Amino acid sequence: MSRDCTFLVVGGGIAGVSCAESLAICCLNASIVLVTESSIVKSVTNLVPVARYLHKFDVREQIASELGAGIATIVDQLAQINSREHWAKTKSGLVIKYRYMCLCTGGAPKLFSTSQEEHKERIIGIRDTDSVLELQRRLASAKDVLILGNGGIASELAYELRDVNVHWVIKDAHISATFVDPGAAEFFQLANGKTESDLEQEPPATTAIKRMRYSEMLPREEEELQNKHGAALGPDWHLNFDLSGGSGSSGRNLPRVYYKSHIEHLQQLPDDGRLRITLKHDDDTLEQLNCDFIVSATGVQPRHDYTTDAPLQLAEDGGINVDEMMRTNLSDVYAAGDVCTAAWMPAQHWFQMRLWTQARQMGAMAGRSMAAIHEGETIYQDFCFELFGHVTQLFGFPVVLLGRFNGQGLGRDYELLVRCTRNKEYIKFVLQNGRLRGAILIGDTDLAETCENLILNGTDLEPYGDDILNPDIDIEDYFD
Ligand code: FAD
């Protein structure tokens, strides 16, 4: 069994589909084959620009065979690559001869590791529809669930599960640490701990502006934070599932958050097979709790479980190293999305984060890059790699993250200017030498484009002092 194509793309996630789609646009008559493990693929839809570098979009699932014209799909798993001879072999034995290939095989959840087989049965990761269905099945008879991790998935789940006691174990001193700082985490917790009638009875919120050095933003102590609870809406992926537990209490239980903690030990209870967990806190104290199962949401591990004729060069995080044109070290083999690690010298305001946004950008870049080589053209890296930008929803609020929004890579040499209006908006500017280096915009702030310009132009904001976030000054007009 063999097949020939010009472009072979592997993986039916956002990166693979974006890559195949851009190839179909750039090389109208070329043969493009997409190998996908599952007959359902993901693609980007409803793409709406929010600013020059920022796009809002939905991710939709569709049947692989219904992908756009010019893309042939094969439902199978890549097993072997021979890059010197330009062929790949699938698990079912199909040999595909290609001219250029792009690996978009994503990541697999990093699961909490234990050597005991019977414990493994009670640990699940969330990655795709199947794993959410598995979660749903287990929830039906569960009373207590432990969520491990502090990224986007854990944050959404912790506030979305119903009729079940949620124990949320995080290594940090504040929730959602992957995306936001302690101040924004508190903003979410306060906003989401309120019912609509609470909000109606409250006096109108005042706006506070505060300028802080890096050290003043360090997290508050655990005891202070433990008393604050919240409940939230989550982004679309879990709205399609009934995530109710089996406690029969018919309601939402606020999660109990265990800050600065990790799992030290687990054992199975002899009577009902549930897990007895021993947590260790950063101050070395221990705490025990029982749960039906653990949802391990501690990130993903790049997935490349196929053999190659020469070793793929990997980064420390296990991703396949790619250069600015998305090329790996193997000749004519490219990679994009969660499976790869950006090994080029990044622009001042960009860094890699494994998100849909970047899977789409990298997939499209790989497609354009392969097409250009094939057509003998020269292209440059896309301008989206100039500035980190991500639009999302957290706890029901629109969230825009720009540049080095959490001071990533800035050491301790930066200032934060924060404007917060309870239940309405949280704006944080990361300033270094008077220049804006990053921003978190929560709520309908309308500041995304202005912030993009201020970051990219390196405008000196020193002369404006705290007025830059004065709600009575329209800074959009100010810098027009
Ligand atoms: P994937 O989506 O993982 O796709 C890889 C594909 O390759 C899969 O279909 C896999 O089956 C296939 N594959 C793997 N190996 C092979 C093989 N050998 N042969 C054939 N096919 C293979 N990001 C956001 O920006 N916003 C969010 O709100 C958000 N929420 C998330 C919620 C969940 C539950 C999870 C798990 C992730 C979330 N992410 C979110 C992260 C986002 O999903 C990833 O960054 C993105 O999906 C990466 O896309 P990808 O195409 O690189 O990889």
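The structure presented is a predicted model; accordingly, all values stated were derived computationally and were not measured. All ligand and atom numbering here is 1-based and tracks the order in the structure.
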Side chain, backbone, both or neither: which part of [X] comes within less than 4.0 Å of ligand 1 when only heavy atoms are counted?
| X | value |
| --- | --- |
| Val10 | side chain |
| His390 | side chain |
| Thr105 | both |
| Ala359 | side chain |
| Cys104 | backbone |

Checking side-chain polar atoms at under 3.5 Å, does [X] have a donor or acceptor matched by the opposite partner on [Y]?
| X | Y | result |
| --- | --- | --- |
| Gln352 | Thr341 | no |
| Asn406 | Lys428 | yes |
| Ser83 | Asp309 | yes |

Ligand 1 atoms in contact with [X] (distance to a heavy atom under 4.0 Å):
| X | value |
| --- | --- |
| Lys42 | 2 (O) |
| Gly107 | 3 (O) |
| Asp76 | 20 (C) |

Option of least heavy-atom distance to atom 35 (C) of ligand 1 (set: Val17, Ile153, Leu78): Ile153

The option among Ile14, Val41, Ile126, Thr90 carrying the non-hydrogen atom nearest to atom 34 (C) of ligand 1 is Ile126

Does Gly12 have a heavy atom less than 4.0 Å from any atom of ligand 1? yes

How would you list, by chain and number, every residue that makes a side chain to side chain donor-acceptor pair (under 3.5 Å) with Asn290, sequence neighbours excluded? Arg276

Those residues that, when tested against Thr105, pass side chain to side chain donor-acceptor pair (under 3.5 Å) (two or more places apart): Tyr306

Is the gap between the ring centers of His374 and Phe7 under 6.0 Å? yes

Determine whether the aromatic ring centres of Phe397 and Phe187 lie less than 6.0 Å apart. yes

Mutual orientation of the aromatic rings belonging to Phe351 and Phe388 [parallel < 30°, tilted 30-60°, perpendicular > 60°]: parallel

Could you say whether the N/O atoms of [X] and ligand 1 ever approach to under 3.5 Å?
| X | value |
| --- | --- |
| Ala15 | yes |
| Asp338 | yes |
| Val35 | no |
| Trp356 | yes |
| Glu37 | yes |

Please report the C-alpha distance between Asn82 and Lys89 in whole Å, then the side-chain angles of each, then the deciding distance to 0.1 Å, and finally whether the side-chain hydrogen bond (donor to acceptor under 3.5 Å, both in side chains) criterion is met. CA-CA 8 Å; Asn82 189 320; Lys89 197 171 185 178; over 6 Å; no

Is there side-chain contact between Arg354 and Asp317, with heavy atoms separated by less than 4.5 Å? yes

